[in-house]
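Written out below as structure tokens is the structure these notes cover.
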Amino acid sequence: MTLHEDLEAIYQDVIRRNPGEAEFHQAVKEVLGSLGPVVAKFPEFASERIIERICEPERQIIFRVPWQDDRGNVQINRGFRVEFNSALGPYKGGLRFHPSVYLGIIKFLGFEQIFKNSLTGMPIGGGKGGSDFDPKGRSDGEIMRFCQSFMTELYRHLGEYTDVPAGDIGVGGREIGYMFGQYKRITNRYEAGVLTGKALIIGGSKVRTEATGYGCTFFVNEMLRTREQSFEGKRVLVSGSGNVAIYTLEKVRQLGGKVVAMSDSGGVIYDANGIDLDLIKEIKEVERKRISVYAERCSSSKYLAHGNIWDIPCDVAMPSATQNEITGRDAETLVRNGCIAVGEGANMPTTPEGVEVFLQAGILYGPGKAANAGGVATSALEMQQNAQRDAWKFEETERRLQEIMRGIHETCVHAAEEFGTPGNLVNGANIAGFMKVAQAMLAQGLI
Ligand code: GLU
């Protein structure tokens with residue numbers, strides 16, 4: 001992808017100032033790749049150096065997280081919180097606990113989050129955090145002690161009007177609960193709105209657990225509708241087997257589609273009859289086991305150790321595992337096998353080469369910052385409920401989520417059209433997300 005001349009200079013500067021952060025560079029380049037027509041139309045963005053400002057986080061926090069494992073050994077991890085942009089509201093974005101986490105991953109996620117959160121239409125800025133802590137195989141006690149130590153530093157940077165974390169890979173309701181408890185002990189405040197993704201009993205929102213998967217499925221459904229299609233009878237691949245993947249499966253099934261494969265870092269499960277939702281929930285949510293266990297218990301399924309899920313023929317692909325999981329070659333395979341729509345439940349799951357293949361092929365392609373915005377949008381609904389000291393019903397909350405996803409889709413379609421690339425939702429999402437943030441920054445003077 002070649003960038004507009006001024007944008008190329010900005011991009012080179014980002015590379016120079018942030019050495020070794022490949023994923024951050026990739027995320028920046030993808031957004032700048034859409035902004036050529038925007039800077040041409042709005043010269044004030046260049047003269048006010050809005051893009052350079054957006055590429056520089058407002059604040060970056062890196063800290064030591066010491067904790068003791070079950071054998072009494074001292075462990076040390078690194079904690080991060082990148083408070084990227086607060087033009088639209090308090091910093092908002094999840095925490096990722098995974099051994100691959102380093103500053104470049106958190107910055108890519110935080111950068112994406114700015115535009116994603118803007119697209120939701122809710123008053124939330126962008127941020128992200130996490131740690132290189134590996135929760136795999138850790139006991140409940142170890143998870144709790146790690147979360148408490150993590151929050152013992154992070155609490156001073158948070159607040160319902162300041163910065164509101166939630167979950168991401170490796171962080172779910174259990175971890176959020178431990179962190180909330182520690183925040184409350186230190187501050188002596190029951191400040192429900194300081195974290196989202198809480199369990200219902202401590203001020204969480206209905207539908208938050210389901211929101212990213214449901215939202216992504218709603219988004220793909222909107223895309224399909226533009227071509228007089230639906231999920232009815234479609235074979236769907238959903239990579240991953242975490243929270244996003246499981247609730248994508250649930251909603252796809254409700255809409256008449258069939259999820260024939262899922263995966264984890266060890267391999268792929270395939271079942272031509274459709275993956276059994278209750279069994280996968282039992283194995284992943286209750287027992288917290290690997291996906292291979294599914295194949296042991298379900299005779300109609302096959303386990304493909306180290307298999308590539310994208311080799312399986314499908315109508316719709318919904319990558320819901322992690323960044324860069326669909327390469328250029330995978331994208332070619334999907335298109336060749338007849339895939340007509342891709343909706344990204346994960347953040348930046350498709351490499352730039354893969355994105356190019358989807359756009360060239362003219363299939364429906366919903367980039368993560370639009371398609372997976374339902375999670376953070378429902379977090380914003382949780383903040384609303386906390387502020388009102390209220391709790392909405394499941395149906396009401398889901399209705400709002402669906403409306404938000406429709407709105408995001410429409411916004412992206414319009415922006416893509418207005419700026420000369422109809423149907424290109426990558427441009428649509430980047431432009432629409434950027435415009436709101438840029439205007440909010442201009443309105444606040446030099447920030
Ligand atoms: N981690 C999720 C995301 O990537 C959710 C963030 C949130 O709810 O704050 O958008």
Side-chain angles (χ1 to χ4, degrees), residues 23 27 80-86 88-98 101 105-131 154 158-160 162-173 175-176 179-180 192-199 203-216 219 240 242-245 247-248 319-323 325 343-349 366-386 397 400-401 404-405 408 429 433:
E23 296 83 0
F80 301 90
R81 186 71 182 167
V82 174
E83 299 180 333
F84 228 117
N85 194 295
S86 61
L88 292 173
Y91 309 107
K92 183 83 199 82
L95 299 169
R96 177 176 291 193
F97 292 169
H98 192 271
V101 164
I105 293 275
I106 301 299
K107 275 162 77 175
F108 118 63
L109 290 164
F111 187 76
E112 290 277 297
Q113 201 84 44
I114 304 171
F115 307 101
K116 182 198 304 194
N117 293 6
S118 163
L119 280 172
T120 66
M122 320 284 288
I124 41 179
K128 203 86 186 192
S131 174
L154 190 63
L158 306 184
E160 63 175 320
T162 307
D163 185 352
V164 183
D168 195 83
I169 293 172
V171 178
E175 291 74 18
I176 293 292
M179 288 190 268
F180 182 69
V194 74
L195 287 166
T196 63
K198 301 180 293 295
S205 172
K206 302 219 173 62
V207 195
R208 178 62 191 88
T209 307
E210 296 85 354
T212 311
Y214 277 22
C216 190
F219 191 91
N243 161 271
V244 180
Y247 291 95
T248 297
S320 309
T322 194
Q323 66 274 355
E325 50 170 316
E344 296 184 337
N347 290 310
M348 206 169 75
K369 62 171 81 64
N372 73 37
V376 76
T378 308
S379 276
L381 298 179
E382 183 172 333
M383 291 163 75
Q384 273 189 32
Q385 292 168 80
N386 292 154
T397 317
R400 292 195 194 216
L401 168 62
I404 291 168
M405 296 315 296
I408 295 172

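One-based numbering, in listed order, for ligands and for the atoms of each.
Close approach to S379 involves these atoms of ligand 1, each under 4.0 Å from a residue heavy atom: 7 (C), 8 (O), 9 (O). Heavy-atom proximity to A166, at under 4.0 Å, picks out these atoms of ligand 1: 7 (C), 8 (O), 9 (O). Atoms of ligand 1 lying under 4.0 Å from at least one heavy atom of N347, given by number and element, are 4 (O). Atoms of ligand 1 lying under 4.0 Å from any heavy atom of R208, numbered from 1 in the order shown and given with element: 5 (C), 7 (C), 8 (O). For ligand 1, the atoms closer than 4.0 angstrom to any heavy atom of K116 are 3 (C), 4 (O), 10 (O).
With a 4.0 Å heavy-atom cut-off, ligand 1 is reached by no atom of R96. With a heavy-atom cut-off of 4.0 Å, K369 does not touch ligand 1 at all.
Taken to the nearest 0.5 Å, the CG atom of N117 stands 10.0 Å off from the CE atom of M122.
In terms of protein heavy atoms, atom 6 (C) of ligand 1 is closest to G94 N, 3.5 Å.
Distances from ligand 1 to the non-hydrogen atoms of P165 include no value under 4.0 Å. In this structure, K128 has a heavy atom closer than 4.0 Å to ligand 1.
Contact between I105 and Q323 at its shortest, heavy atoms only, is CD1-NE2, 3.2 Å.
Remark: the K198 side chain and the S205 side chain contain no N/O donor-acceptor pair separated by less than 3.5 Å.
Here the side chain of Q384 pairs no donor or acceptor atom with the backbone of A380 at under 3.5 angstrom.
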